[in-house]
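Input: a single structure, listed below in structure tokens.
Along the sequence shown, residues carry numbers from 1.
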Amino acid sequence: MRKLALNDEILLQIEKPARYIGNEVNSVIKDPENVDIRFAMCFPDVYEIGMSHLGMKILYDMFNRRNDVYCERVFSPWPDLHQIMKEKDIPLFALESQDSLDQFDFIGITLQYEMCYTNILQILDLSHIPLSAAKRTKDMPFVIGGGPCTYNPEPVAEFFDMIYIGEGELSYDPLFELYKQWKKEGGERREFLKRAASIPGIYVPLFYDVSYQKDGTIAQMVPNESGIPETVKKQAVTELTDAVFPDKPVVPYIKITQDRVVLEIMRGCIRGCRFCQAGQIYKPAREKDVETLKRQADELLQNTGYDEISLTSLSSSDYSQIGELVTYLIDNYKNKGVNISLPSLRIDAFSLDVMSKVQDIRKSSLTFAPEAGSQRMRDIINKGLTEETILHGAGLAFEGGWQKVKLYFMLGLPFETEEDMQEIAGLANKIAVRCYEIPKEKRNGKCQITISTSFFIPKPFTPFQWARMYDRDEYLRRAKAVNDAVKSQLNRKSLKYNWHEADVSVLEGVLSRGDRRIAKAIQYAYEDGAVFDAWSEFYDDARWKRAFEKAGIDTDFYTMRERSTDERFPWDFINTGVSKDYLLREWKKAQTAQTTPNCRMQCAGCGAADFKGGVCYENQD
């Protein structure tokens, strides 16, 4: 019987001990003595969030299919346990074996959200591993990062030995084979890293030097060793149908945020929303064969016991075989008590018809993201929606029985005016009007419209990466303007308005757009107690201000200025397949509110056709 890393006395002192005991259904147990490589798969957030992450499930399954690799899971300890572990000097441990992380060969940390950066340091600190990669010795684990935030890894580059850029299914096998050979030879740590840098998608920050101009912008970033590539190309699975997918995912003992079967139907997106990083970095759009999805759905439901299945993608409506797949799931599972959820649907007649078949419309709300209130702003961001389409879709929803609608918008978008902000309230009111135009006997009571606004952040590898942000006070002023406009609407009793935290948005902008100099501030913030910054109850803006001041960093440099088109970005060394020329063309089109058709309508020449297997490749002559 394995010995738990935490004794009963400690488990009784903390919230939700089941986060730390492991041994869940479908978890993988191996003998560590019978494998060549031990990999700790870490998610720098609480268990309930990390266990909902599909990418982690895929890699956990993929690695453990190898007889020579044992992959175990690690999550950030909640603050109650964090404090006990620091006081009692208990090292961070993996769930499966309960062994401390310093006994592993690799520590893999997913970079899913910038506000989790201090949790990366929490994982390293509790593992008794130096925060700086340069200070690690030969017998210490190699720390490798992956996930969407790696598309600008520079703010956290100092903390990682390696960073994997792209989709994990492709380059880990070569990395593992290289590691086994290096270990057999007994080579130096630096030698392994140099060899690893030659594997596609592997970025080793140690081998790159960055210099800066007098104005603080980047002068150049160059390799400091021979044989190190100047650019790192993202890795993308071209045939999604054949990609590894777990048929027996781990089933937690406690409720997690995505407590259901998650079935990935496609990757990438055919839309060209200019604010959306995911839509650019995951190009091209790739679909999974519908027959494969049917088989996977059957296996997942049988092997987990879940009573809900969610079809996941960036834009589920754009999956070409969505109708056939949903019909299959309804015919086979609707009468067996299995719910089907379809996030990321567009508000059109087909999508609403599908949703009406799988949802209890009297309990559920319809979620829709116009992103901007005015048509001018929707054209600027290339949303591809007209007011007529929005109101028509809303009308169909109300006629179909929905009464609760959630609307998502952004404030602070490039070229936004006061009139554009007012139109957010105006559009919500028009949707309410559309509801009340329907006779009482044909609609499901009064409508409830919840308006939510987040604050725009110009993310790397988007056409808006040249745009500026605003400070906290200006964001709050804009939110107040929308709030006042909502209160002035005729149907204000049917409208409710919420907005995101402005200070968090500004910090996210700094962390997502920063360079290597930001690392000092992240470390200072952690040393000052910053952890779980993604959780509002733990976030402390004053703590971050102290950290930036101590590091000598003016955050306005990263957020408050529009970039010149010839500025070198910290992330320019990464080749995502989407060219900078294309992004610049889209930035210039935004300035005149010109739209670009989606990929299925017309190729925009973004460059992603290099990856083959996607929509744009299929449309080539």
Side-chain angles (χ1 to χ4, degrees), residues 271 273 275 315-317 342-356 359-411 413 416-456 478-500 595:
R271 310 289 164 179
C273 298
F275 60 85
S315 180
S316 299
S317 299
L342 289 152
S344 306
L345 287 174
R346 294 171 73 82
I347 188 168
D348 54 31
F350 171 75
S351 298
L352 292 168
D353 179 60
V354 170
M355 282 188 284
S356 69
Q359 290 183 357
D360 182 345
I361 58 178
R362 292 186 179 273
K363 295 180 180 178
S364 64
S365 60
L366 182 69
T367 301
F368 181 48
E371 308 294 1
S374 69
Q375 189 60 51
R376 187 187 77 91
M377 280 307 306
R378 286 193 294 276
D379 290 343
I380 285 173
I381 65 177
N382 204 45
K383 183 63 182 177
L385 283 174
T386 64
E387 184 175 290
E388 180 182 5
T389 301
I390 294 169
L391 295 178
H392 178 67
L396 292 174
F398 294 133
E399 290 171 358
W402 275 280
Q403 68 179 115
K404 293 179 284 188
V405 177
K406 295 179 181 178
L407 301 174
Y408 289 103
F409 298 90
M410 280 185 289
L411 283 173
L413 285 161
E416 181 180 69
T417 66
E418 297 295 324
E419 290 76 16
D420 295 319
M421 290 183 267
Q422 300 287 327
E423 281 299 311
I424 291 175
L427 179 60
N429 186 68
K430 290 175 183 177
I431 291 173
V433 169
R434 180 67 188 89
C435 174
Y436 294 125
E437 288 175 346
I438 301 169
K440 286 184 178 181
E441 63 273 13
K442 293 186 178 181
R443 55 180 162 86
N444 188 18
K446 294 182 178 180
C447 67
Q448 304 169 38
I449 300 175
T450 302
I451 308 159
S452 295
T453 58
S454 60
F455 297 114
F456 164 72
R478 293 180 183 230
K480 185 178 183 302
V482 174
N483 192 44
D484 291 343
V486 169
K487 291 179 179 178
S488 69
Q489 301 300 316
L490 291 175
N491 291 288
R492 56 186 174 274
K493 291 184 178 179
S494 295
L495 309 180
K496 180 183 178 182
Y497 177 50
N498 303 314
W499 61 89
H500 192 60
T595 59

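Taking every heavy atom of both residues into account, E399 and I438 meet most closely at CG-CD1, 3.5 Å. Of all non-hydrogen atoms in I390 and P370, the two that sit nearest each other are CD1-CB, 4.2 Å. The minimum heavy-atom distance linking A372 with R378 is given by the pair O-NH1, 2.9 Å. Contact between A485 and Q422 at its shortest, heavy atoms only, is CB-OE1, 3.3 Å. The two residues A432 and L495 make their nearest non-hydrogen contact at CB-CD2, 4.5 Å. Closest non-hydrogen pair, F455 versus H500, comes out as CE1-O, 3.0 Å.
Distance OG1/T453 to CD1/I424: 6.5 Å, rounded to 0.5 Å. In this structure, OG on S494 lies 8.0 Å from CD on Q448, to the nearest 0.5 angstrom. Taking OG of S452 as the reference point, atom CE of M410 lies at 13.0 Å (rounded to 0.5 Å). The NZ atom of K496 lies 13.5 Å from the CG atom of L407; values are rounded to the nearest 0.5 Å. Between the CG atom in L366 and the NZ atom in K406 there is a gap of 10.5 Å [rounded to 0.5 Å]. A distance of 9.5 Å separates CG of N498 from CG of N483, quoted to the nearest 0.5 Å.
Defined by atom type and a distance below 3.5 Å, a donor-acceptor pair is missing between the side-chain atoms of E388 and T386.
Within the 4.5 Å cutoff, side-chain heavy atoms of L391 are placed close to those of I431. Contact check for S454 versus Y408: no side-chain heavy atoms found under the 4.5 Å cut-off. Using a 4.5 Å heavy-atom threshold, the side chains of V482 and W499 count as separate. Looking only at side-chain heavy atoms (C-beta outward), R478 and E416 come within less than 4.5 Å of each other. Here the side chains of L427 and F409 are in contact, with some heavy-atom distance below 4.5 Å.
Between the side chain of D379 and the backbone N or O of R376, no donor-acceptor pair lies under 3.5 Å. Distance alone, capped at 3.5 Å, places no donor-acceptor pair between the R443 side chain and the F398 backbone. Of the possible donor and acceptor atoms, one in the side chain of Q375 sits under 3.5 Å from a partner among the backbone N and O of L385. Distance alone, capped at 3.5 Å, is enough to place a donor-acceptor pair between the N429 side chain and the N491 backbone. Between the side chain of K383 and the backbone N or O of M377 there is no donor-acceptor pair closer than 3.5 Å.
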- Message: Pair M421, K480 - check side chain to side chain contact (heavy atoms under 4.5 Å, CB included), show working.
- Response: CA-CA 10 Å; M421 290 183 267; K480 185 178 183 302; over 6 Å; no

Between D420 and I380, does the side chain to side chain contact (heavy atoms under 4.5 Å, CB included) criterion hold? Intermediate values first, please. CA-CA 11 Å; D420 295 319; I380 285 173; 5.9 Å; no

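For E437, there are no side-chain hydrogen bond (donor to acceptor under 3.5 Å, both in side chains) partners at least two apart in sequence or on another chain.
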